[in-house]
Amino acid sequence: MEFCDSDSLKVVYVLQQHHQEDVINTISGALILIIVFLAIYLYRRIRLTRQLKRAYVQLEQAYDKLEEVTTQKERIESELRIAHDIQMKMLPDIISGHPDIDIYASMTPAKEMCGDLYDFFVRDNLFYFCIGDVAGKGVPAALFMTVTKSLFRTYAIDENTPDYIVTQMNHNLGEDNKNRMFVTLFVGILDMTSGLLRYCNAGHEAPIIIHKDASLLPVNRIFPVGAMDDTSYQLQTAVIEPQTTILLYTDGLNEAMNIKKEMFGKDRILSVVNGAIHDGQLSPKALIDRMTQAVHNYVGDVEQSDDLTMLAINYLK
């Protein structure tokens with residue numbers, strides 16, 4: 001009987017020992033799992049923190065670069081605005097109150113800087129004028145335009161033969177022309193006493209002569225100025241009747257496109273002119289305003305793709 005009690009106690013003791021071991025093992029396993037979980041959690045936190053730090057540094061660097069680029073862009077835009085203002089101020093003042101001519105002009109750049117040009121002045125009762133369109137856009141075209149305009153004044157100030165003026169300009173611009181730039185150009189000299197117009201065309205659009213009806217001035221389409229420095233240009237003449245308007249423009253007018261990529265075209269230009277004749281709105285300003293509105297209505301919200309310049313001269317004598 002005592003032996004049985006002793007054995008029972010031993011069994012109970014062993015069972016208690018096993019139970020304690022199971023509890024300890026369970027707790028140990030749980031602790032190990034918790035430690036592993038915490039280790040994984042801490043590892044991921046550390047890794048995430050490092051990633052966030054790298055991302056922050058990259059974001060900070062990107063922000064600094066963006067700020068630098070923005071500053072540079074603003075500076076460039078400011079410089080272009082200043083250059084645009086200077087370029088516009090270089091245009092000749094509209095001659096008003098002259099007994100023999102009435103003039104109006106408009107220039108709408110496609111970008112900040114314009115590659116189109118026009119110029120005019122009066123000397124010895126002769127009215128000198130020109131219009132041109134430099135191939136290309138932006139700053140290079142604007143610089144080339146400025147040089148072209150300066151050369152026109154340089155050679156025209158002491159010369160009254162358009163073909164000579166154009167030939168000299170071409171020789172100067174074509175010589176050592178490494179960038180292969182050129183400008184279509186029309187130069188005219190109108191004798192305000194006789195109405196004789198002497199002119200020379202270098203690849204430019206034909207002017208429109210507007211009197212009782214509208215017609216294109218006959219022009220020889222020779223190479224643009226600067227394309228080939230040995231080109232020989234030709235003198236042409238026409239007699240302009242009193243109360244006649246000469247409309248000159250760059251291809252930004254006839255090549256203006258609508259949303260369907262359809263050009264405004266010469267037929268529409270002539271249609272607008274004929275409408276102005278019918279309505280008696282043939283003053284240079286009224287004519288150009290009418291043409292400008294017609295183009296805007298045609299292209300709608302399509303972004304302007306080329307510089308657009310118009311010059312209208314009304315011979316009043």
Give the intermediate values and the outcome of side-chain contact (heavy atoms from CB on, under 4.5 Å) for residues Leu126 and Arg198. CA-CA 10 Å; Leu126 298 175; Arg198 289 174 293 166; 4.3 Å; yes
With a 3.5 Å distance limit and no angle check, can you tell me whether Arg123 reaches the backbone of Ile157 through a side-chain donor-acceptor pair? yes
Would a 4.5 Å heavy-atom cut-off, applied to side chains only, mark Leu247 and Ile210 as touching? yes
With a 4.5 Å limit on heavy-atom distance, are the side chains of Gln281 and Asp289 in contact? no
Any side-chain to backbone donor/acceptor pair from Asn170 onto Val166? Under 3.5 Å, distance only. no
Sidechain-backbone polar pair: Arg221 side chain, Ala206 backbone, donor-acceptor under 3.5 Å: no
Using only atom types and a distance under 3.5 Å, with no angle test, would you say the side chain of His204 pairs donor to acceptor with the backbone of Tyr249? yes
Exam field: side chain Asn258 to backbone Lys260, donor-acceptor pair closer than 3.5 Å: yes
Is a side-chain N or O of Arg268 found less than 3.5 angstrom from the main chain of Ala294, in a donor-acceptor match? no
Taking OH in Tyr233 as the centre, count heavy atoms belonging to other residues, nucleotides or ligands within less than 6.0 Å. Is the count above 12? yes
Gln293/Asn297 under side chain to side chain donor-acceptor pair (under 3.5 Å): CA gap, chis, key distance, verdict: CA-CA 6 Å; Gln293 188 60 51; Asn297 292 341; 2.9 Å; yes
Just wondering, do Val219 and Tyr199 contact through their side chains at under 4.5 Å, heavy atoms? yes
Find out whether Ile246 and Leu217 are in side-chain contact, i.e. whether some heavy atom of one side chain is under 4.5 Å from a heavy atom of the other. no
Check for me whether the distance between the ring centres of Phe129 and Tyr118 falls short of 6.0 Å. no
OG of Ser283 to CG of Asp102: how many Å apart, nearest 0.5 Å? 6.5 Å
Do Ile288 and Val273 land in one hydrophobic cluster if side-chain heavy atoms of ILVMFWY residues count as linked below 4.5 Å? yes
Quick check against the 3.5 Å criterion: does Gln243 have a side-chain atom that pairs as donor or acceptor with the backbone of Leu316? yes
Indicate yes or no for a side-chain donor-acceptor contact from Arg290 to the backbone of Lys285 under 3.5 Å, with no hydrogens or angles considered. no
Taking the side chain as every heavy atom from C-beta outward, state whether Tyr128 and Asn160 have any pair of such atoms under 4.5 Å apart. yes
The test is side-chain contact (heavy atoms from CB on, under 4.5 Å); show your working for Leu190 and Ile240 and say whether it passes. CA-CA 8 Å; Leu190 176 65; Ile240 304 300; 4.1 Å; yes
For the backbone of Thr309 and the side chain of Thr250, can you confirm whether one donor and one acceptor N or O come within less than 3.5 Å of each other? yes
From Asp191 CG over to Leu197 CG, what is the distance, rounded to the nearest 0.5 angstrom? 10.0 Å
Any donor-acceptor N/O pair, Thr146 side chain to Ala142 backbone, under 3.5 Å: yes
Tell me, do Asp133 and Asp251 make a side-chain contact under 4.5 Å, heavy atoms counted? yes
Step-by-step side-chain contact (heavy atoms from CB on, under 4.5 Å) determination, Ile222 to Asn201: CA-CA 7 Å; Ile222 306 175; Asn201 186 63; over 6 Å; no
Same apolar cluster: Ile313 and Ile269, side chain cutoff 4.5 Å: no
Check the orientation of Phe264 and Tyr298. Use parallel for under 30°, tilted for 30 to 60°, and perpendicular for over 60°. perpendicular
Just wondering, do Leu117 and Val183 contact through their side chains at under 4.5 Å, heavy atoms? yes
